[in-house]
Amino acid sequence: MSAPKPSASTGRYSVFAIAREAMRLHTGWKRAWTSPTPKKKYQVIIVGAGGHGLATAYYLGRNFGITDVAVIEKGWLGGGNTGRNTTIIRSNYLQDPSAAIYDKALKLYENLSQDLNYNVMFSPRGLLMLAQTEHEVRGYKRTVYANQLQGVATEWISPKRIKDILPIINIEGPRYPVLGGLYQERGGTARHDAVAWGYARACSAMGMDIIQNCEVNGIETANGQVVAVNTGKGRIECDKLALVVAGHSSVLAEMAGFRLPIESLALQALVSEPIKPCCDLVIMANTVHGYLSQSDKGEMVIGGGTDGFNNYTQRGSWHHVEETVRALIETFPMLSRLKMLRQWGGIVDMTGDRSPILSTTPVGNIFVNCGWGTGGFKAIPGSGWAMADLIARGQPGPLAAEFGLNRFAEGRFIDESVAAGVAH
């Protein structure tokens, strides 16, 4: 007789639960989510158990009562870009559609730990985008004015104030002195793994199936409609299918018989050895091409731009590390004394206008969420909210309306190449 499968946790985490489990040597904790065998059919299948896919499933259940959902993942939950980013959260984008969806995400992040009953470690420490050329000064001041019209709180601050809030900075750099900055006090970071785990636990508690190690190798259609997906764990039928797989979106789209206007590139990041607290906000230095924050463990988290060629590697390349660190040392000389602890890469999906795609597709009841480039983590709650609305209703709501595939054919680009900064 086989052992019973462990059930997922449906109780609330609290100080009282911790005290109770401490009294019984922590033997009563249940799994945060189950690992079930796939059913033969689901109302909705979401491919991709990263932050965007799990958030989509969660808001389908919470906002629309749709819980006959499978989230399938070829690897492990959160093992793609969700676990391979630098955790930056902000909403100070230039174009109205971008500001709307990113600010929705930021507002959801602000209460996400309470909503999910899971500590995602959201830290609104503030985010500063340095202006080190006159061109950036004009561009960021324009963004401040746009943000004021959009109701997004940002401000332009002087070099003196920057030095006051960030003593480690060299504002009189030899090539690029700091001329000011675009500051969003509400911006910050969150724990990337915790975001995925919190959404996964909430989805499992609603009865959804999260199926890991289940790679999709084919998509079946009939009469222009999706019918099923073929996976490493068998054929699974569905009424609706959502593709939420970041850099591999074009691969799955090809299985379904259509193409996407994206290219896949590696984005790299690294962390230093841990040091004492010295940087309590997130810094983006776009002219020298790098960004910087300090983790709770004291590591300096450093990132830069994407590779200059299309690829699917998650290893990264040494020349990018060298270029990014060399550039940041001009503005943050203290970095020159640190040793690198580890580096990694993620596969990002870039559109021509550096804005995402949340859209119906040429195949009926197949929906796609991709094109977030290197800014996907900050958008997770807003993306999931908008994508759930799109799947449930079959047409985009106000947050997703401007991000359809048809904008590329119609020339309605949402150009965020400047506000995206360091590919961000």
Side-chain angles (χ1 to χ4, degrees), residues 3-22 24 26-73 75-80 82-83 105 107-122 190-214 233 236 238-240 242 244 369 377 380-389 391-392:
K5 294 182 179 180
S7 61
S9 173
T10 56
R12 289 188 61 81
Y13 291 153
S14 68
V15 64
F16 303 107
I18 294 173
R20 181 179 63 249
E21 290 304 323
R24 54 187 186 188
H26 297 281
T27 57
W29 294 117
K30 296 183 179 180
R31 290 181 182 268
W33 59 86
T34 60
S35 297
T37 301
K39 298 189 299 186
K40 291 184 177 180
K41 183 177 180 179
Y42 293 90
Q43 184 178 354
V44 179
I45 291 178
I46 298 170
V47 184
H52 290 257
L54 292 166
T56 299
Y58 173 72
Y59 293 115
L60 273 173
R62 177 188 143 171
N63 295 350
F64 299 98
I66 300 173
T67 58
D68 185 19
V69 177
V71 185
I72 60 178
E73 168 62 45
W76 65 94
L77 186 150
T82 299
K107 290 174 181 175
L108 290 170
Y109 264 125
E110 289 169 339
N111 296 295
L112 194 59
S113 294
Q114 293 78 12
D115 188 21
L116 298 179
N117 183 226
Y118 198 95
N119 186 9
V120 302
M121 304 181 195
F122 175 63
R191 171 71 180 182
H192 45 18
D193 293 326
V195 172
W197 297 339
Y199 275 123
R201 177 175 178 269
C203 290
S204 187
M206 286 190 281
M208 299 179 185
D209 287 350
I210 300 171
I211 306 165
Q212 302 176 76
N213 300 308
C214 183
K233 295 189 176 183
I236 311 173
C238 62
D239 296 325
K240 295 182 178 182
V244 194
N369 180 344
F377 179 76
I380 284 173
S383 163
W385 186 285
M387 191 65 176
D389 189 40
I391 295 169

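Since this is a predicted model, take the numbers as computed values, not measurements.
Using a cutoff of 4.0 Å between basic side-chain nitrogens and carboxylate oxygens, Lys41 and Asp68 are not scored as salt-bridged.
For the pair Ile46 and Val69, the minimum side-chain heavy-atom distance is below 4.5 Å. Taking the side chain as every heavy atom from C-beta outward, Val44 and Asp239 never approach each other to under 4.5 Å. Within the 4.5 Å cutoff, the side chain of Asp209 has heavy atoms near those of the Lys39 side chain. Leu112 has its side chain within reach of Tyr199: a pair of non-hydrogen atoms, C-beta onward, lies under 4.5 Å apart. No side-chain heavy atom of Val47 sits less than 4.5 Å from a side-chain heavy atom of Val244. Looking at Val195 and Leu54, their side chains never come closer than 4.5 Å, going by heavy atoms from C-beta outward. For the pair Leu77 and Trp197, the minimum side-chain heavy-atom distance is below 4.5 Å. Looking at heavy atoms from C-beta onward, Lys240 lies out of side-chain contact with Ile45 at the 4.5 angstrom threshold.
Side-chain atoms of Thr82 come within 3.5 Å of backbone N or O of Gly51 as a donor-acceptor pair. No donor-acceptor pair under 3.5 Å is formed between the side chain of Glu73 and the backbone N or O of Gln212. When atom types are taken as modelled, the side chain of Asn117 and the backbone of Tyr13 share a donor-acceptor pair closer than 3.5 angstrom. Thr56 places no side-chain N or O within 3.5 Å of a backbone atom of Met387 that could act as its donor or acceptor partner.
Distance CG/Asp115 to CD/Glu110: 13.0 Å, rounded to 0.5 Å. Here the CG-CD1 distance, from Asn213 to Ile72, works out to 12.0 Å after rounding to the nearest 0.5 Å. With rounding to the nearest 0.5 Å, the separation of OG1 in Thr34 from CE in Met208 is 12.0 Å. The line from NZ of Lys107 to CH2 of Trp385 is 11.5 Å long, rounded to the nearest 0.5 Å. A distance of 8.0 Å separates CD1 in Ile18 from NE2 in His26, rounded to the nearest 0.5 Å.
The shortest non-hydrogen separation linking Gly78 to Ala196 is CA-CB, 4.4 Å. Annotation for Thr37 and Tyr42: closest pair O-OH, 4.3 Å, computed over non-hydrogen atoms. When all heavy atoms of Met121 and Ser113 are compared, the closest pair comes out as N-OG, 4.1 Å. The minimum heavy-atom distance between Ile211 and Pro36, with the atom names listed, is CG1-O, 4.2 Å. Ile210 approaches Cys203 most closely through the heavy-atom pair CD1-CB, 4.4 Å. Closest heavy-atom contact between Val71 and Gly48: CG1-O, 3.6 Å.
Taking a 6.0 Å sphere around CH2 of Trp29, one finds it holds more than 12 heavy atoms contributed by other residues, nucleotides or ligands.
Ring planes of Phe377 and Tyr109: tilted class, angle from 30 to 60°.
Ser383 and His52 are linked by a side-chain donor-acceptor pair at a separation below 3.5 angstrom, with hydrogens and angles left out of the test.
A cation-pi arrangement is absent between Arg201 and Tyr58, since the terminal nitrogen or guanidinium carbon is not both under 6.0 Å from the aromatic centre and inside a 45° cone about the axis.
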*asked:* side chain to side chain contact (heavy atoms under 4.5 Å, CB included), that's the test. Do Lys40 and Ile236 meet it? Break it down for me.
replied: CA-CA 5 Å; Lys40 291 184 177 180; Ile236 311 173; over 6 Å; no
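Pairs passing the salt bridge (charged side-chain N to carboxylate O under 4.0 Å, His left out) check and including a residue from residues 50-61, sequence neighbours excluded, do not occur.
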